Amino acid sequence: MKAGIVGLPNVGKSTLFNSLSNAKAQSANFPFCTIEPNIGVVNVPDPRLERLAEIVNPERVVPATVEIVDIAGLVKGASKGEGLGNQFLGNIRETDAIIHVLRCFEDDNIVHVDGNVNPVRDKETIDIELQMKDLETAEKKLEKVKRAAKTGQKEAQKEAEILQKIVAWLEKGQSVRSLEVDDEDRETFIKPLQFITDKPVMYVCNVNENDAVDGNDMVEKIKGITENENALVLTLAVGIEADIAELESYEERQMFLEDIGLEEPGVSKLIRLAYNLLNQQTYFTAGVKEVRAWTVRKGATAPEAAAVIHTDFQKGFIRAEVISYEDYDNFASEAKIKEAGKLRVEGKDYIVQDGDVMNFRFNV
């Protein structure tokens, strides 16, 4: 699963990406690796994984990961190919969620592409470009579907109706993600078209050090205009995050955080929120060889979770032995968990819960 960092030039995208790229920004247990100059795999900070490792004492610990992409800055006219428009839109289409960085601080030494700082306007600039690209996609598809609808095809008539709603919505300057559509219709007719503005979004309000804890008026304006978007808003002092990433020891980082009133680096919170934004959750396997966090979509069944480890586990699925993380934490021993009757045996219809510690029985 992949989240893309977007925004206008000079709003702090690359500084944020670089903060994420430094392992020390989280802890020694959560490193980052770069696949390409602008793509990195970031491990998801999870104290539950550390606790399980403490109990089991395995040979190795493997965290869950999220792929983060630093996408080139967008400019007005990108939907028509201006600047790196086509590349930008191609890159963002390939992501599963959007991390939209907005500049919410004044600094005369950092030039703003539009001459002054206005995050509401900046948000609208990018929204309009993405909406225009989606409008082009919807209109092209609607043209094809209308021909099939005229022949009396019920499915095509339904699709044409949905697409007309989307076109009208986009023309009003709204994003596809905020359009109210039946879940089944969204899955059938909207998801396959990969509309950019249908992707879940997190707005990162980049503030200065003094506003790192409480934000400022610009952040409040962004919260106000995103209320109906099903979006997340995170306040982050990206420059401070870069400074934290430079500190050598855990103790130094904690002292720095305490001085500015933060409990943890903001990028750690961002990674966890990005993981949730992608509709992902974690289950664990715990044995002496390995304690590992596995990523599975929310709502997945036990066989689907088993397939994340190996497709054979799903094909030959017999049952899942499940312990809740809370029970594992409380009893701190698998033997005691069994004695207390807290190990459950679940079948094919079991819906995996975040934090489940699972062992799969299968036969191929």
Side-chain angles (χ1 to χ4, degrees), residues 1-4 6 66 78-79 88-100 123-124 126-203 225-233 273-281 295-305 307-308 314 348-354:
M1 300 297 284
K2 194 186 287 186
V6 306
V66 174
S79 58
F88 173 96
L89 294 161
N91 287 342
I92 200 171
R93 200 181 290 282
E94 289 171 11
T95 65
D96 303 291
I98 297 168
I99 299 169
H100 185 164
K123 175 188 175 304
E124 286 172 357
I126 286 193
D127 284 350
I128 288 166
E129 294 303 330
L130 301 185
Q131 288 159 5
M132 285 172 70
K133 198 65 184 175
D134 279 351
L135 184 59
E136 185 185 307
T137 302
E139 286 175 338
K140 279 181 182 174
K141 182 67 175 176
L142 181 57
E143 207 176 298
K144 289 179 184 175
V145 171
K146 274 182 175 175
R147 290 197 287 270
K150 282 177 184 173
T151 66
Q153 290 180 32
K154 296 285 185 195
E155 185 88 348
Q157 288 170 348
K158 179 67 176 174
E159 187 171 8
E161 184 188 318
I162 300 286
L163 286 166
Q164 281 163 344
K165 276 186 187 175
I166 290 169
V167 167
W169 193 244
L170 288 164
E171 284 177 340
K172 286 180 187 173
Q174 300 294 324
S175 294
V176 177
R177 77 178 73 86
S178 60
L179 177 64
E180 287 188 19
V181 181
D182 177 87
D183 286 347
E184 194 177 325
D185 288 341
R186 185 173 284 278
E187 205 60 40
T188 307
F189 302 116
I190 298 179
K191 290 292 182 191
L193 293 174
Q194 289 186 298
F195 288 114
I196 298 170
T197 66
D198 191 36
K199 296 177 189 295
V201 64
M202 181 199 312
Y203 294 101
I225 64 170
T226 58
E227 274 180 0
N228 300 321
E229 266 196 60
N230 301 322
L232 298 173
V233 178
L273 286 173
Y275 189 69
N276 288 327
L277 193 66
L278 291 161
N279 199 36
Q280 301 298 298
Q281 64 179 2
T295 300
V296 67
R297 67 172 178 80
K298 291 175 183 175
T301 61
E304 287 171 334
V308 175
Q314 182 177 23
K348 290 182 178 180
D349 296 331
Y350 176 68
I351 303 298
V352 176
Q353 301 301 302
D354 186 53

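Values below: all heavy atoms of this structure, side chains included; hydrogens, waters and symmetry mates excluded. Since the model is a prediction, treat every value here as computed from it, not as a measurement.
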* Asked: Can you tell me how far the CG atom of Asn276 sits from the CE atom of Met202, to the nearest 0.5 Å?
  -> 8.5 Å

* Identify the heavy atoms of Asn228 and Ser178 that sit nearest to each other, and give their distance. => O-CB, 3.6 Å

* Compare all side-chain heavy atoms of Val6 with those of Ile99 and state whether any distance is below 4.5 angstrom. => no

* N/O donor-acceptor pair under 3.5 Å between Tyr275 side chain and Gln281 backbone -> yes

* To do: Go through Thr197 and Asp127 one step at a time and tell me if the side chain to side chain contact (heavy atoms under 4.5 Å, CB included) criterion holds.
  => CA-CA 8 Å; Thr197 66; Asp127 284 350; over 6 Å; no

* Donor-acceptor pair, Asp134 side chain versus Ile196 backbone, under 3.5 Å? -> yes

* **Inter-residue atom distance Lys165.NZ - Leu179.CG, 0.5 Å rounding** => 7.0 Å

* Measure across Ala231 and Tyr203 and return the closest heavy-atom pair with its distance rounded to 0.1 Å. => CB-CE1, 3.7 Å

* Do other residues, nucleotides or ligands put more than 12 heavy atoms under 6.0 Å from the NZ atom of Lys348? -> no

* Euclidean distance, Trp169 CH2 relative to Glu180 CD, rounded to 0.5 Å -> 7.5 Å

* Answer whether the closest heavy-atom distance between the side chains of Thr295 and Val308 falls below 4.5 Å. => no

* **Carboxylate-amine/guanidinium proximity below 4.0 Å for Asp198 and Lys191** => yes

* Asked: Counting only N and O atoms by type, is there a donor-acceptor contact under 3.5 Å from the side chain of Gln131 to the main-chain atoms of Gly173?
  -> yes

* To do: Can you see which heavy atom on Leu277 is nearest to which on Pro200, and at what distance?
  => O-CG, 3.4 Å

* Intermediate values then yes/no, side chain to side chain contact (heavy atoms under 4.5 Å, CB included), Arg297 and Gln280 -> CA-CA 4 Å; Arg297 67 172 178 80; Gln280 301 298 298; 4.2 Å; yes

* **Heavy-atom pair of closest approach, residues Glu171 and Glu139** => OE2-OE2, 4.0 Å

* Evaluate whether atom CD of Gln164 has more than 12 neighbouring non-hydrogen atoms of other residues, nucleotides or ligands under 6.0 angstrom away. => yes

* Hey, does Lys158 have a side-chain heavy atom less than 4.5 Å from the side chain of Glu161? -> yes

* Do Phe189 and Ile166 come close enough that some side-chain heavy atom pair is under 4.5 Å? -> no

* Asked: What's the spacing between Leu163 CG and Lys144 NZ if we round to 0.5 Å?
  -> 11.5 Å

* Step by step, work out the side chain to side chain contact (heavy atoms under 4.5 Å, CB included) result for Val352 and Thr301. => CA-CA 6 Å; Val352 176; Thr301 61; over 6 Å; no

* **Between CG on residue Leu130 and OG on residue Ser175, distance to nearest 0.5 Å** => 7.5 Å

* With a 4.5 Å limit on heavy-atom distance, are the side chains of Lys141 and Glu159 in contact? -> yes

* When rounded to the nearest 0.5 angstrom, what is the spacing between CD1 in Ile92 and NZ in Lys2? -> 12.0 Å

* Asked: Given Lys199, which of Leu278, Asp96, Thr95 fulfils the side chain to side chain contact (heavy atoms under 4.5 Å, CB included) condition?
  -> Thr95

* Gln194 vs Thr137, side chain to side chain contact (heavy atoms under 4.5 Å, CB included): CA-CA, chis, key distance, verdict -> CA-CA 9 Å; Gln194 289 186 298; Thr137 302; over 6 Å; no

* State whether the number of non-hydrogen atoms from other residues, nucleotides or ligands found under 6.0 Å of Asp182 atom CG is greater than 12. => yes

* To do: Taking all non-hydrogen atoms of both residues into account, name the closest pair between Glu229 and Lys123 and its distance.
  => OE2-NZ, 2.8 Å

* **Closest approach of Ile190 to Val181 (non-hydrogen atoms, all atoms of both residues)** => CD1-CG2, 3.9 Å

* Asked: Any Lys/Arg nitrogen of Glu143 or Lys140 sitting under 4.0 Å from an Asp/Glu carboxylate oxygen of the other?
  -> no

